[in-house]
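Comments concern the structure below.
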Amino acid sequence: MKRSNDPIFWLLFGAGGMLSALIGAALVFVSGIGVPLALLVSRDLMRYELMLGFAQHWLGKAIVFAVIVLFLWHAALRIFHMLHDFGIHAGAGAKLICFGLPLLCTVAVAFWLLILGF
Amino acid sequence: MSAPMDKRRPYTRSMAGWWKRDPYFIRYLAMEATSVLVAVYALILLIGLFRLSQGELAYNGWLGALKSPLSIGLHVLILLVFIYHTWSWFKVMPKTLPAFYLGGAKVRQSVITWAGVVVALVLNLLVLFILAGVKP
């Protein structure tokens, strides 16, 4: 039997879904509402020097990488299956967009985190 | 689609608007559609990381854009969708797990769902609490 690579994608899907369910709402509130409106959190929480320091720390890098990459893979898998639900069947184009784009973003996130230094 | 030519032209029920046929389908689709805004949020953060890598001026531009009413409105929508995602994620979770037993009795689906929701609530509040404590 040919080995399937599906489990890898389902693992990424599950990890992203779980991470976004566990802390996603808090992150959205803080970065999109709390900081811009100085609501509950400091207005300066996402200041340049602070975010740079965060992204230069190995733990910060791991968090940024996990959040962006896993959220994207989670969404990509759902969108891919939603296309099917709406009668757009898994062709090369749908696969290229739904798996190629998150892959490209994964590489980009890793690259930007690396050039930010340690 | 290459449907074979058939002289009988048999009736095939159209799938158009299938999701409106049953409230279950609507809930299913609402759950799946949360992924669109999860992707949007991840892309917003991705752009932020990119701008951060370009330096202070670029990053401050991104930070300023987050203050626009359009962005705040979008984030309110994203927040609501994330909350719905959390609920639907744990609602479905017991159906994706193998049945497990505690003290000889099968753990009820609703127990798993609520346990997940409570853990998510605690962790979200913890993140909020930690970040609210950072006073730069």
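Note on naming: letters A, B, ... go to the chains in the order of the sequence lines (proteins, then strands), and numbering restarts at 1 for each one. As the structure is a computational prediction, the values presented were derived from the model and not from experiment. Reckoned from all heavy atoms, side chains included, excluding hydrogens, waters and symmetry mates.
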Would a hydrophobic clustering, with Ile, Leu, Val, Met, Phe, Trp and Tyr connected at side-chain separations under 4.5 Å, put [X] with [Y]?
X	Y	answer
Leu74(B)	Leu39(A)	yes
Leu45(B)	Leu52(A)	yes
Leu103(A)	Leu77(A)	yes
Val134(B)	Tyr48(A)	yes
Val67(A)	Leu101(A)	no

What are the two closest heavy atoms between [X] and [Y], and how far apart are they?
X	Y	result
Tyr59(B)	Arg47(A)	CE2-C, 4.1 Å
Trp89(B)	Arg78(A)	CE3-NH2, 4.0 Å
Met46(A)	Leu66(B)	CE-CD1, 4.0 Å

Answer yes or no: are there more than 12 heavy-atom neighbours, outside [X] itself, under 6.0 Å from its atom [atom1]?
X	atom1	result
His81(A)	NE2	yes
Lys95(A)	NZ	no
Leu59(A)	CG	yes
Lys61(A)	NZ	yes
Phe129(B)	CZ	no

query = Roughly how far, to the nearest 0.5 Å, is CZ of Phe29(A) from CD1 of Ile83(B)?
reply =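 The CZ atom of Phe29(A) is 10.5 Å from CD1 of Ile83(B), to the nearest 0.5 Å.
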key: Under 4.5 Å from any heavy atom of chain A - which part of Leu63(B)   =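 The side chain, not the backbone.
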key: chain B-proximal positions within residues 105-118 of chain A [heavy-atom distance under 4.5 Å]   =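 Under the 4.5 Å heavy-atom cut-off, Cys105(A), Val109(A), Trp112(A), Leu113(A), Ile115(A), Leu116(A) qualify.
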request  = With a 4.5 Å heavy-atom cut-off (strictly below), which parts of residues 17-27 of chain A touch chain B? List them by number.
outcome  =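 Listed by number: Gly17(A), Met18(A), Ser20(A), Ala21(A), Leu22(A), Ile23(A), Gly24(A), Ala25(A), Ala26(A), Leu27(A).
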Which residue out of [options] racks up the most heavy-atom pairs below 4.5 Å with chain A?
options	answer
Leu123(B), Leu128(B), Leu52(B)	Leu52(B)
Thr86(B), Leu126(B), Ile78(B)	Thr86(B)
Asn60(B), Val127(B), Leu131(B)	Leu131(B)
Ser71(B), Gly64(B), Gly55(B)	Gly55(B)
Phe50(B), Trp87(B), Phe90(B)	Phe50(B)
Leu80(B), Leu49(B), Ile44(B)	Leu49(B)

key: Closest-packed option against chain B by number of heavy-atom pairs under 4.5 Å, given Val35(A), Leu45(A), Val30(A)   =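 With the most close heavy-atom pairs to chain B, the winner is Leu45(A).
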request  = Among the options Gly34(A), Ser31(A), Pro102(A), pick out the one with the most heavy-atom pairs lying under 4.5 Å from chain B.
outcome  =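 Looking at each of Gly34(A), Ser31(A), Pro102(A) in turn, Ser31(A) comes out on top.
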Do the non-hydrogen side-chain atoms of [X] and [Y] ever get within less than 4.5 Å of each other?
X	Y	value
His74(A)	His85(B)	yes
Ile33(A)	Leu79(B)	yes
Leu37(A)	Ile72(B)	yes

Residues of residues 16-43 of chain B near chain A, each having a heavy atom less than 4.5 Å away =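 Listed by number, the contacting residues are Trp18(B), Trp19(B), Tyr28(B), Leu29(B), Met31(B), Glu32(B), Ala33(B), Thr34(B), Ser35(B), Val36(B), Val38(B), Ala39(B), Tyr41(B), Ala42(B), Leu43(B).
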task = Tabulate, in ascending numerical order, the residues of residues 97-116 of chain B having at least one heavy atom closer than 4.5 Å to a heavy atom of chain A, or enter 'none'.
result =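 Under the 4.5 Å heavy-atom cut-off, nothing qualifies.
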Which bit of [X] comes within less than 4.5 Å of chain B, counting heavy atoms only: side chain, backbone, both or neither?
X	result
Leu72(A)	both
Val69(A)	neither
Phe13(A)	both

